[in-house]
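Structure record follows, encoded as structure tokens.
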Amino acid sequence: MKRILVPCDFSLPAQNAFAFAIDIAKITKAEIIVLRVFDLAFAYEVASPSLSSYLSVEATDKRAKEVRQEFDIMKLANSSPVESRLITATGSLTDTILEVIDKEKIDLVVMGTTGAAGLREVLIGSHTEKIVRFSKVPVIAVPQDVELKDIKHIVLPSTLELNQVDFISQLKELQSVLNAVLWILVIVTNNKSGSQSEIRTQMEDFVKHYHLTNCVLKIREDESVEKGIINFTTQVKADMIAMATHSRQGLSHVFSGSITEDLVNHVSFPIWTYTIKK
């Protein structure tokens, strides 16, 4: 891992994400790139009808100076030898983040999130689920102030597919960095067929196929996959959820519906997500 991207509007969720990224960078020796995007769609809402003055050279220079000051203050509050730099851009927030991921050859994105009920003006938090959906690299959504050293139990909700080599490889690297236990979880709902003994056999095959270690296999019944994941994670007091998602038109996912994005909006602990390549 060489570069970690932290989209940042300097709100509290974004600052929590920056601190979390520093913890990761200390272990991986990665560089942190902080990205501040001036979202034009948001600018139309807050600046209209004086949008021209908002986009003037003077206003742009002033915002750039203010952002540099905020960045320096945030770095000072998280005193660390980790290398970090600031990038500013104007445009669509989501599109710009995705462009920077490609341009800077980003390996991981760490984003703060405010959840579904977050304040409208907290731009980063309200856009995290969109980046989770479309990012080509893993994304960690950080909903609150969390220290990396406290993450020792990761829940992996799984459909036990055997064609996710890249995803599992990245997950194993994360597990190794954290020295964490991996809880492999299958949620059984009324719509899922197969006995628990059959599912257990599939889970054991899954572990052997990917050469997973330091893991626990669990099967849980619940009325929905989302509720099952949240209830189980709360029950075992896990520290993180790791999930795969597909970036396809129509929001097709490894699980039915937009479960990954729903969880990003409704849980109080970090979620690590990875987009399965087509």
Side-chain angles (χ1 to χ4, degrees), residues 1-39 62-89 93-94 96-97 100-101 103-115 118-119 121-129 131-132 135 137-154 170 173-180 238-242 264 267-273:
M1 185 181 299
K2 295 182 179 180
R3 296 181 182 88
I4 301 172
L5 179 65
V6 182
C8 187
D9 55 7
F10 302 101
S11 61
L12 181 58
Q15 292 185 49
N16 289 339
F18 179 70
F20 193 84
I22 286 178
D23 286 346
I24 299 174
K26 286 178 181 177
I27 298 173
T28 62
K29 310 301 181 184
E31 174 192 18
I32 295 177
I33 297 174
V34 173
L35 172 64
R36 177 60 167 108
V37 180
F38 298 105
D39 192 311
K62 180 181 178 182
R63 287 196 303 274
K65 182 178 179 180
E66 291 173 346
V67 167
R68 169 56 63 177
Q69 291 174 340
E70 289 181 299
F71 175 64
D72 290 340
I73 292 171
M74 187 172 70
K75 283 181 62 177
L76 185 61
N78 295 273
S79 181
S80 169
V82 170
E83 182 180 353
S84 61
R85 59 187 168 97
L86 174 67
I87 295 177
T88 60
L93 182 62
T94 300
T96 301
I97 292 172
V100 170
I101 289 173
K103 182 179 179 180
E104 296 289 340
K105 295 180 172 57
I106 299 299
D107 301 298
L108 173 69
V109 179
V110 180
M111 296 186 69
T113 179
T114 56
L119 297 174
E121 63 267 23
V122 182
L123 291 180
I124 297 303
S126 62
H127 282 72
T128 300
E129 65 176 82
I131 303 305
V132 164
S135 173
V137 301
V139 177
I140 298 180
V142 182
Q144 57 187 8
D145 187 11
V146 180
E147 292 190 33
L148 190 69
K149 65 180 179 60
D150 294 330
I151 298 179
K152 294 301 178 185
H153 296 272
I154 303 173
Q170 294 272 0
E173 181 180 349
L174 175 69
Q175 182 189 12
S176 176
V177 167
L178 298 176
N179 190 26
D239 309 302
M240 176 180 280
I241 296 175
V264 166
V267 300
S268 60
F269 33 78
I271 298 184
W272 181 92
T273 64

* **For E31, side-chain hydrogen bond (donor to acceptor under 3.5 Å, both in side chains) partners two or more places apart** => R85
* Structure fact -> CD1 (I241) and NE2 (H153) are apart, to the nearest 0.5 Å, by 14.5 Å
* Hey, does P7 have a side-chain heavy atom less than 4.5 Å from the side chain of V37? -> no
* 4.5 Å side-chain heavy-atom contact, E173 and Q170 -> yes
* To do: Please report the shortest heavy-atom distance between A30 and V82, naming the atom on each side.
  => O-CG1, 3.9 Å
* Please examine the side chains of W272 and L178, heavy atoms only from C-beta on, and report whether any two atoms are closer than 4.5 Å. => no
* Sub-4.5 Å side-chain heavy-atom contact between C8 and F71 -> no
* Do D107 and V137 have side-chain heavy atoms sitting under 4.5 Å apart? -> no
* Under 3.5 Å donor-acceptor, T128 side chain and G112 backbone -> yes
* Structure fact -> Heavy-atom closest pair (M74 atom, Q15 atom, distance to 0.1 Å) is SD-CG, 3.8 Å
* **Heavy-atom check, side chain of V146 versus side chain of F20, under 4.5 Å** => yes
* Asked: Closest approach of A242 and I154, non-hydrogen atoms and distance?
  -> CB-CG2, 3.8 Å
* Asked: Are any non-hydrogen side-chain atoms of K26 and L148 less than 4.5 angstrom apart?
  -> no
* Hey, are the side chains of I24 and M1 touching, using non-hydrogen atoms and a 4.5 Å cut-off? -> yes
* Rounded distance [0.5 Å steps], CG in N16 versus CG in N78 -> 9.5 Å
* State the CG-CZ distance between L86 and R68, to the nearest 0.5 angstrom. => 5.0 Å
* Structure fact -> In terms of heavy-atom contacts, M240 and L174 come closest through SD-CD2, 3.9 Å
* Could you give the distance from CD1 (I33) to CD1 (I4), rounded to the nearest 0.5 Å? -> 10.0 Å
* Where is the tightest heavy-atom contact between I101 and S135, given as atom of each residue plus distance? -> CD1-OG, 3.7 Å
* Contact summary for I87 and E104, nearest pair of heavy atoms -> CD1-OE2, 3.6 Å
* Test M111 against every option in I97, L5, V6 by the side chain to side chain contact (heavy atoms under 4.5 Å, CB included) rule and name the one that passes. => I97
* side chain to side chain contact (heavy atoms under 4.5 Å, CB included) against K152, all qualifying residues, sequence neighbours excluded -> N179, D239
